[in-house]
Protein chains: 2
Amino acid sequence: MGTAQLAAVPEPKYWHLRTVLLRAITSEFATGEVIPNERELAARFGVARATLRQALDQLELEGRLVRRRGIGTLVAAPRVGVPVSRRDEGWPGGNREQVWQTVGCTVAPAGERLAGALGVPAGETVHSVRRIRVAQGQIVATEALHVADSALPALPEIRLSGAGEEAAEGAADGEEQGRAVLRRLERLTVDGESRAVELGVAEADEAALLQRPPGTPVLVVTTQYAAAGRLAALAVSTYRADTCRLTFGETGLVEVTPVPAAVRSAS
Amino acid sequence: MGTAQLAAVPEPKYWHLRTVLLRAITSEFATGEVIPNERELAARFGVARATLRQALDQLELEGRLVRRRGIGTLVAAPRVGVPVSRRDEGWPGGNREQVWQTVGCTVAPAGERLAGALGVPAGETVHSVRRIRVAQGQIVATEALHVADSALPALPEIRLSGAGEEAAEGAADGEEQGRAVLRRLERLTVDGESRAVELGVAEADEAALLQRPPGTPVLVVTTQYAAAGRLAALAVSTYRADTCRLTFGETGLVEVTPVPAAVRSAS
DNA sequence: TAGTGGTCTAGACCACGAA
DNA sequence: TCGTGGTCTAGACCACTAT
């Protein structure tokens, strides 16, 4: 019925919008700049706000936009390159620099899945150290490092479980406990590590640590550390997918420029 | 006005729905099974269809559900572990097994970004080999492998650019051309490789190769191959984020069970 | 208080796949 | 032809931030 459009548009509106907006924000806006609000953009393009938001959702997933409630929508900074490897992560060998900060530790009998993953019988005591990773002033990742108690070497002299005499400082109890686990862990020589990366979403607790709403897309890095011929520890790290670009350093590679992350569209 | 609810619900409806649905599909449905359609689920939970869809969107992003237009929504199979490394990928050293299949090749002067990433002056001739990766009968990734012509060693005797005498077979021309580039590439000894992983979305062409709609979330793996003291090649691989779990094999690690991918929630 | 993004609604029509 | 998910609309109200 009338309104003969320019042939068929095989492309959904929101996808076309995304392309137009992407071109606009890369050419006409600077990093950190606020783009027009959703209601105005929707009106300007003659679409419903929901459709406009669908386009913005895509760009946010791609890490090109950041939306802040009460503030507006900003052009995102390029993703931060985050080194992921034993050497860079800082275990073992000590938390070189301050890449990982221990924020807590729980000790509990292993559930079935966790026990299976650690290669210990279900119910065995497992230490779970909570850490956060800071890069360029931002929290970019949170991690749960699981170690079976039986895999943990004892410390030479110091008391292992001195239940707070000096807790008057107000320091979170789990923190020191976590650091103690890490100190014991450092006495192991790591034979190798195996790693996996996949896409996930942040649950409530992780989301809170990452200062993001629940459902935020994250890159889940699962690392298995082997020592003394057995699996010594299992680390599950969740990196903010919007701001992080995980880099894996390797064998003596002549120094190469980090890829600008935009080469994809340069076929 | 009336309808005094049970205190405040700090959680959005769609997020609560996601949790409920996740529990339901993991306990009451088998892999590949079709769950009730969106209109019925929305009615059952007393929400608008858009809200219900928001919950399904989350679960699809997590790889727990697969939606097929005209069919329904299915419970997804666990993610496939896909080895990502020089040894497993099959270059160099020959396309071991059939992990990567060459589907095309273009030769063109490098754009600015691509030239910069390859470390050659803009405008230099660059070969871009298109490949797809198949795992368990499914296309899981597509790749563009860029090599500067100047970095490519010549083959010993065979003609380099024989323009089709036997093209009568109907084979796509770019295919053989791509394989030729790979053969030449194999003559290089790789000194090292550097890798990065980040989240992206599939553009139109990639989406088509992956048999998915545009905007599909993908894991973008950027690999720099160094040979003879310089950057030899740049590979940009995009893996389906919904079905793939990238694994990085490493130094002689005692065989460990692959982590069941559900340990995250087992704190 | 005003303005922003976040959530939610109730409907409509379309594109695709199967029968 | 019918049922499915995919897209889109026009509106409403809420939560948060700045002033």
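Protein chains get the first letters and strands the later ones, always in sequence-line order, with residue 1 at the start of each.
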Between Gly70(A) and Glu60(B), which is nearer to the 5' end of DNA chain D once each is assigned its nearest nucleotide?
Glu60(B)

Under 3.5 Å donor-acceptor pair, Arg39(A) side-chain atoms to dG5(C) base atoms
yes

Check the distance between dC14(D)'s P and Arg69(A)'s CZ and give it to me in whole angstrom.
13 Å

Any side-chain heavy atom of Val20(B) sitting closer than 4.5 Å to one from Phe45(B)?
yes

Using a cut-off of strictly less than 4.0 Å, decide whether Thr73(A) has a side-chain nitrogen or oxygen near OP1 or OP2 of dG5(C).
yes

Check this one for me: any side-chain N or O of Lys13(B) less than 4.0 Å away from OP1 or OP2 of dT9(C)?
yes

Can you check the Tyr14(B) OH to dT9(C) P distance for me, whole Å?
13 Å

Nearest-angstrom distance from the residue atom CH2 of Trp15(B) to P of dC8(C):
13 Å

Side-chain heavy-atom pair Thr142(B), Asp205(B) within 4.5 angstrom cut-off:
no

Below 4.0 angstrom from OP1 or OP2 of dT7(D), is there any side-chain N or O of Thr51(A)?
no

With a 4.0 Å limit, can you tell me whether Arg67(B) has a side-chain N or O closer than that to the phosphate oxygens OP1/OP2 of dT4(D)?
no

Euclidean distance, atom CG of residue Leu17(A) to atom P of dG6(D) [Å, nearest integer]:
19 Å

Per the side-chain hydrogen bond (donor to acceptor under 3.5 Å, both in side chains) rule, which among Arg131(B), Arg133(B), Glu143(B), Arg195(B) passes with Ser237(B)?
Glu143(B)

Spacing between Leu74(A) atom CG and dT17(D) atom P, to the nearest angstrom
14 Å

Just the rounded figure in Å: distance from P of dG6(C) to CG of Asp57(B).
15 Å

Side-chain N or O of Arg49(A) less than 4.0 angstrom from OP1 or OP2 on dG11(D)?
no

Nearest-Å distance for atom pair CZ/C1', residues Arg53(A) and dA10(D):
15 Å

Does Gln54(A) or Ile71(A) map to a spot on DNA chain D nearer the 5' end, using the closest nucleotide for each?
Gln54(A)

Surrounding CZ of Arg179(A) (heavy atoms of other residues, nucleotides or ligands, distance under 6.0 Å), is the total greater than 12?
yes

Please give, in whole Å, the distance from dG6(D) P to Asn37(B) CG?
12 Å

Could you pull out all donor-acceptor pairs under 3.5 Å where a side-chain atom in residues 210-221 of chain A meets a protein atom, sequence neighbours excluded?
unit_1    : atom_1 : unit_2    : atom_2 : d
Arg212(A) : NH1    : Asp242(A) : OD2    : 3.4
Thr216(A) : OG1    : Pro213(A) : O      : 2.5

